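Single-structure report; data block below.
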Amino acid sequence: MSESAIEFQDVQKSFGLAFSLGPLTLSVPRGSIYALIGPNGAGKSTALNMLMGMGEPALGSIRVLDRAIREDEVEVKRRTAYVSPDMDYRAWGTVGRAVDFVRGFYPDWNAARCEELQFAFGVHRDSRVDALSFGARMKLALILALSRDAELLVLDEPTLGLDAIARRQLFAELLKFMAGDDRTILISSHQLTDLERFADHAAIMNQGKLLTSGRMDKLVERYRQFDARIVSEVGSSIPGVSVIDRQGDRVRLLVDSESAPADALETAQIEVLAQVTLTLEDLFLALIKSANMRSGWWPLTSAA
């Protein structure tokens, strides 16, 4: 059995000139809570849709739970629970009818768990789905996913429409899900503060590209942000050092300790004025800004 629950290998997908994903290579370890992070349009939903068999990559391969998604889509979906804002259960009229319909497809359905979740989220069987708020419809989708004893839970923006109390309830339920043997969660969300506390691995994407990935604690430690002053323009680029902002000789830099030489700033005649400790949100914003400017490379002679 592979140590990875999910493997993207050199996956590419294009939508004309509007958007291109990849090449994306990404591995989600079994038993992990893996956060997929990026701004709107980064390619997160495209990747998750292909993971669930909704569209195929033009190039590359995707494996889920040791199965090739193209050849074993039915088996993958049998072992995977999925939540997306695009899921719509209004055609079934009431919550109860939607529950009864979905439960018939999955032998791993846990009826007692479903009742417990309906009570926890305040979504009742006799409620009409079309009368529910958007947030309540998201709760219904979460209830249907979490009522199964699935091996893999894939969540695309599951906190959309949820208030602070409902978000806290969601993350509590997700931790209960992880109490099962050999379970994995892949979650895409803009709630970065929640993800930093909840997830143990993360990947950050932008414009269809993977910027960085790794264990959450190591990832935040890997990068350093510096406020600095350029003493002399040296006219070259430094791998692993990128500009977040520049005003005259004052710069704000993001340094990747795995790529940049230890003496990189000193060699480039850059005087460090302050070092800033990064949160996941700080790192996300810095990576996106630097990627949009220079894709991780910093020409010392160019003004921002």
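Please read all numbers here as calculations on a predicted model, not as lab measurements. Hydrogens, waters and symmetry mates are skipped; everything else that's a heavy atom, side chains included, is used.
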Check whether Arg128 reaches the backbone of Ala131 with its side chain - one donor and one acceptor, N or O, closer than 3.5 Å. no
Closest non-hydrogen atom pair, Ser242 against Ser290: OG-CB, 3.4 Å
Could you check Asp156, Thr80, Leu51, Val64 and say which one makes a side chain to side chain contact (heavy atoms under 4.5 Å, CB included) with Leu186? Leu51
Do other residues, nucleotides or ligands put more than 12 heavy atoms under 6.0 Å from the CZ atom of Arg224? yes
Assess the residue pair Glu116 and Lys176 against the criterion (salt bridge (Lys or Arg N to Asp or Glu O under 4.0 Å)); give the C-alpha distance rounded to whole Å, side-chain angles, the decisive distance to 0.1 Å, and a yes or no. CA-CA 12 Å; Glu116 176 186 327; Lys176 290 181 184 178; 3.6 Å; yes
Taking all non-hydrogen atoms of both residues into account, name the closest pair between Gly31 and Asp182 and its distance. N-OD1, 4.4 Å
If we ignore angles and hydrogens, is there a donor and acceptor under 3.5 Å between the side chains of Asn49 and Tyr82? yes
CA sep, side-chain torsions, deciding dist, call: Arg30, Glu3, salt bridge (Lys or Arg N to Asp or Glu O under 4.0 Å): CA-CA 6 Å; Arg30 286 180 183 269; Glu3 294 182 357; over 6 Å; no
Met54 reachable from Ile62 in the ILVMFWY side-chain graph, under 4.5 Å edges: yes
Could you check whether the rings of Phe171 and Phe198 sit parallel, tilted or perpendicular, using 30° and 60° as the cut-offs? perpendicular
Would you kindly say whether Tyr106 and Ser147 are connected by a side-chain donor-acceptor distance under 3.5 Å? no
Decide, yes or no, whether a salt bridge links Arg79 with Glu151 under the criterion of side-chain N to carboxylate O below 4.0 Å. yes
Closest heavy-atom pair, Ile69 versus Val76, reported as atoms and distance to 0.1 Å, is CD1-CG1, 3.8 Å
Please lay out, stage by stage, how Ser4 and Ser27 fare under the test side-chain hydrogen bond (donor to acceptor under 3.5 Å, both in side chains). CA-CA 6 Å; Ser4 298; Ser27 179; 2.5 Å; yes
Evaluation steps, salt bridge (Lys or Arg N to Asp or Glu O under 4.0 Å), between Arg78 and Glu73: CA-CA 9 Å; Arg78 186 186 69 80; Glu73 181 180 346; over 6 Å; no
Charged N to carboxylate O below 4.0 Å: is that the case for Glu221 and Arg215? no
Between Arg67 and Glu7, does at least one N-O distance fall below 4.0 Å, as a salt bridge requires? no
Are side-chain N/O atoms of Asp10 and Thr25 paired as donor and acceptor at under 3.5 Å? yes
Within the side chain of Lys13, is there an N or O that forms a donor-acceptor pair under 3.5 Å with the backbone of Glu56? yes
Expected output: side-chain Arg125 to main-chain Gln118 donor-acceptor under 3.5 Å: no
Which heavy atom in Ser188 sits nearest to a heavy atom in Lys44, and how many Å separate them? OG-CE, 3.1 Å
